[in-house]
Amino acid sequence: MSDSRLNEPTPEAWSRISAILDEALSRPLEQRDAYVVEACGNDDGLRREVSTLLRAAGEDRSFLDENVLEFVAPALEEGIADDALREGERIGPYRVGRLIGRGGMSRVYLIERDDDQFHRVAALKVLDVPGPDSVEYVRRFEAERQILASLDHPNIAALYDAGSTRDGRPCLILEHVSGEPITRYCASRRLGVEDRLLLFETVCRAVHYAHQRLVVHRDLKPGNIFVRRDGVVKLLDFGIAKLLDEGESSPGARAPRTRTGFRFLTPEYAAPEQIRSEPVTVATDVYALGVLLFELLTGRLPYDLDRGSPFSTQVAVVQEEPKTASTVVSSEADRRTLRGDLDAICHRALRKEPMARYASVAELAADVRAHLDHEPVVARAGTVRYRFGRFVRRNRVPVLATGLVVLSLAAGLIVSIVQTRSASRAFQEARLAELRATAINTFLVEDLLGAADPVESGNHDIALREVLDVAARRVGTAFADEPLVEASVRQTLARVYRSLGEYATAHSHND
């Protein structure tokens with residue numbers, strides 16, 4: 001299927017194409033063409049589009065991940081029953097236990113080593129697809145063995161050994177991970193956003209390690225990322241992983257190249273380029289991690305998917321814009337938590353164009369770590385206000401202490417200014433009082449008492465009334481520049497005149 005074909009129809013057209021194609025695929029092979037002609041009516045373009053996709057589905061036996069078993073069902077029915085391992089059966093030093101998983105072209109058994117050397121519980125992965133395609137699947141199984149042998153990381157399920165069953169089918173002896181998918185683990189324990197991000201960061205480190213060894217997982221999803229009961233993350237199932245360097249010098253030189261007829265994927269977590277059968281890069285795993293992060297944060301996938309229609313799912317991944325994480329959660333508290341950094345991180349990881357995503361899983365993990373540390377994230381516009389806000393959040397104690405010091409200094413400065421002004425005002429008032437007292441003293445000593453001096457006045461029998469009259473005449477001149485002092489002296493004179501019974505004169509000094 002070409003790029004142009006996927007991009008030409010409108011969303012409305014895709015909806016109609018998807019509905020007709022799904023119905024056609026559900027019918028017996030001999031009825032499909034007739035149904036397409038009837039359903040498309042006179043719309044020749046629609047009929048050509050659906051017919052092309054229908055032929056592609058028929059040629060590509062793994063066109064849809066969920067339909068792989070349907071295509072190999074006859075072979076499975078012929079061979080699986082006789083080839084199934086039985087509990088108690090031994091493979092080398094291991095004793096086979098119960099079947100614990102089945103998917104794709106293999107089954108997984110719980111096995112136990114109980115010989116004289118040591119005891120170990122492990123998982124046995126056995127290829128169980130007979131028939132004409134067995135050579136291709138054996139080669140792919142061998143590629144998985146080569147890839148796992150090159151990986152040694154605490155968060156990647158280890159390869160212990162490899163061999164074959166009694167009938168010659170290849171098998172892998174792997175680390176048994178007793179846990180649950182990462183999404184279920186987080187939900188069952190009601191983990192908060194920070195704890196979920198810490199687990200996700202660990203997943204990123206494991207994937208980045210694989211990328212450093214030129215391995216792209218290509219099927220990152222909750223079912224392949226388990227968390228043990230002790231909280232340790234384990235990355236599983238490199239069955240469709242791809243070596244970026246498939247030269248003769250690489251550890252997996254014999255790894256088969258991806259072919260159209262063997263394109264396995266999980267549509268909900270597949271990147272647009274996987275669905276288009278375009279080259280796979282580390283950006284493919286970045287996209288899948290973006291879907292996983294969105295699901296961990298919201299409990300939902302970034303698209304409204306019709307799980308009953310795998311084709312519609314693939315169309316949505318290729319054409320629709322992913323939702324914003326903060327818009328799909330129900331509580332306002334969750335919306336506030338996701339709005340901003342985490343929305344931006346998810347959006348960048350889920351970009352349709354591989355080059356527009358994070359350049360590596362390490363960059364994605366770095367942005368998650370930056371958010372946890374309250375530092376600016378690369379995926380978000382770095383405005384001055386945003387960066388300052390991040391600085392304050394990651395330096396709350398020093399910023400608070402600095403703020404308190406600044407406030408203390410400011411308060412001290414304000415108190416100092418108030419006290420200075422108050423002291424200045426008090427000084428001025430004291431000085432004014434001093435001047436007033438001096439003026440009054442001068443008036444009393446020089447003017448009033450001077451008038452009563454017999455030597456100065458020449459009158460040895462001067463009376464109090466005469467002294468008061470002299471003061472009354474001179475008070476206006478003596479305090480011409482001090483109206484408040486003059487008023488104070490006149491009030492005194494008024495009280496004295498009143499005591500002498502001179503009420504009219506006393507009243508004149510109160511005016």
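These numbers were taken from a predicted model, which means no experiment stands behind them.
Using a 4.5 Å heavy-atom threshold, the side chains of L151 and I147 count as touching. You'll find the side chain of E363 stays beyond 4.5 Å of the side chain of V378, heavy atoms only. Between V318 and V315, every side-chain heavy-atom pair lies at or beyond the 4.5 Å cut-off. V291 is listed as a side-chain neighbour of P302, based on a closest heavy-atom distance under 4.5 Å. A heavy-atom distance below 4.5 Å is not found between the side chains of V286 and V207. P181 is not listed as a side-chain neighbour of I225, based on a closest heavy-atom distance of 4.5 Å or more. Proximity of I345 to L293: side-chain heavy atoms (C-beta onward) are separated by under 4.5 Å at one or more points. Proximity of N224 to H217: side-chain heavy atoms (C-beta onward) are separated by under 4.5 Å at one or more points.
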Would you mind writing out the side-chain donor-acceptor pairs for residues 327-334 within the sub-3.5 Å range, not counting sequence neighbours?
| from | atom 1 | to | atom 2 | distance (Å) |
| --- | --- | --- | --- | --- |
| T327 | OG1 | T324 | O | 2.6 |
| S331 | OG | D334 | N | 3.1 |
| S331 | OG | D334 | OD2 | 3.0 |
| E332 | OE1 | R335 | NE | 3.1 |
| E332 | OE1 | R335 | NH2 | 3.1 |

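Counting only distance, with no hydrogens or angles, the side chain of Y109 and the backbone of L85 share a donor-acceptor pair below 3.5 Å. Checking side-chain atoms of T266 against main-chain N and O of E268 turns up no donor-acceptor pair under 3.5 Å. Checking side-chain atoms of Q319 against main-chain N and O of A316 turns up no donor-acceptor pair under 3.5 Å. Between the D373 side chain and the E375 main chain, no donor and acceptor come within less than 3.5 Å of each other. Under a 3.5 Å cut-off, the side chain of D367 and the backbone N or O of V377 do not form any donor-acceptor pair. In this structure, the side chain of Q274 engages the main chain of R218 through a donor-acceptor pair within 3.5 Å. Side-chain N or O atoms of N155 include none that pairs as donor or acceptor with a backbone N or O of A206 at under 3.5 Å. Panel note: side chain T284, backbone V280; no donor-acceptor pair is recorded below 3.5 Å.
Taking a 6.0 Å sphere around CD of E353, one finds it holds more than 12 heavy atoms contributed by other residues, nucleotides or ligands.
Taken from OG in S326 to CG in D343, the straight-line distance is 3.5 Å, to the nearest 0.5 Å. One distance of note links CD1 of I182 with CG of L191; it measures 9.5 Å at 0.5 Å rounding. The line from SG of C171 to CG of L127 is 10.0 Å long, rounded to the nearest 0.5 Å. Here the straight-line distance linking atom CG of L289 with atom SG of C346 works out to 11.0 Å at 0.5 Å rounding. With values rounded to the nearest 0.5 angstrom, E320 atom CD is found 9.5 Å from T313 atom OG1. In this structure, the separation between CD1 on I156 and CG on L236 is 10.0 Å, given to the nearest 0.5 Å.
Here K323 pairs with D304 in a salt bridge; the nearest charged N to carboxylate O distance falls below 4.0 Å. The existence of a salt bridge linking D237 and K125 is confirmed by a sub-4.0 Å separation between a basic side-chain nitrogen and an acidic carboxylate oxygen. Under 4.0 Å is where a charged nitrogen must lie from a carboxylate oxygen, and between K234 and E175 at least one such pair does. At a threshold of 4.0 Å, the pair R47-D43 does not count as salt-bridged, since none of the basic side-chain nitrogens sits closer than that to a carboxylate oxygen. Taking 4.0 Å as the cut-off between side-chain N and carboxylate O, R189 and E180 count as a salt-bridged pair.
Between C204 and V361, the closest heavy-atom pair is O-CG1, 3.3 Å. A pairwise comparison of heavy atoms in A149 and L159 identifies N-CD2, 3.9 Å as the closest pair. The shortest heavy-atom contact between A359 and V282 is O-CG2, 3.8 Å. Taking all atoms of both residues into account, the shortest heavy-atom contact from R113 to Y94 is CB-CE2, 3.4 Å. Smallest separation of non-hydrogen atoms from Y287 and A270: CE2-O, 3.2 Å. Here the closest non-hydrogen pair linking Y269 and E295 is OH-OE1, 2.6 Å.
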Q.
Could you go through L220 and L292, starting from their C-alpha distance and side-chain angles, then the distance that decides it, and tell me whether this counts as side chain to side chain contact (heavy atoms under 4.5 Å, CB included)?
A. CA-CA 8 Å; L220 294 170; L292 175 65; over 6 Å; no
Q | Step-by-step side chain to side chain contact (heavy atoms under 4.5 Å, CB included) determination, I20 to L46 | A | CA-CA 10 Å; I20 296 174; L46 177 63; 3.8 Å; yes
Q: Given salt bridge (Lys or Arg N to Asp or Glu O under 4.0 Å), test E273 with R357 step by step and report yes or no.
A: CA-CA 13 Å; E273 62 269 21; R357 299 171 203 151; 2.9 Å; yes
**Q.** Steps toward side chain to side chain contact (heavy atoms under 4.5 Å, CB included) verdict (H176, I100)
**A.** CA-CA 10 Å; H176 172 57; I100 58 175; 4.0 Å; yes
Q | salt bridge (Lys or Arg N to Asp or Glu O under 4.0 Å) assessment of E87 paired with R98 | A | CA-CA 6 Å; E87 286 195 42; R98 60 188 174 84; over 6 Å; no
Q: List the steps and the verdict of side chain to side chain contact (heavy atoms under 4.5 Å, CB included) for I111 and V121.
A: CA-CA 6 Å; I111 59 173; V121 175; over 6 Å; no
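In this structure, R120 forms a cation-pi arrangement with Y160, its terminal cationic atom sitting closer than 6.0 Å to the ring centre and no more than 45° off the ring axis.
D152 pairs by the salt bridge (charged side-chain N to carboxylate O under 4.0 Å, His left out) definition with nothing, not counting sequence neighbours. Scanning for ring pair (Phe, Tyr, Trp, His ring centres under 6.0 Å) contacts around F294 gives an empty result, with sequence neighbours left out. Not a single side chain to side chain donor-acceptor pair (under 3.5 Å) links N42 to another residue, sequence neighbours left out.
For the ring-ring contact (aromatic ring centres under 6.0 Å, His included) condition, the pairs that include at least one residue of residues 192-212, sequence neighbours left out, are H153-Y209. Each ring-ring contact (aromatic ring centres under 6.0 Å, His included) pair with one or both residues in residues 324-363, not counting sequence neighbours, would appear here, but there are none.
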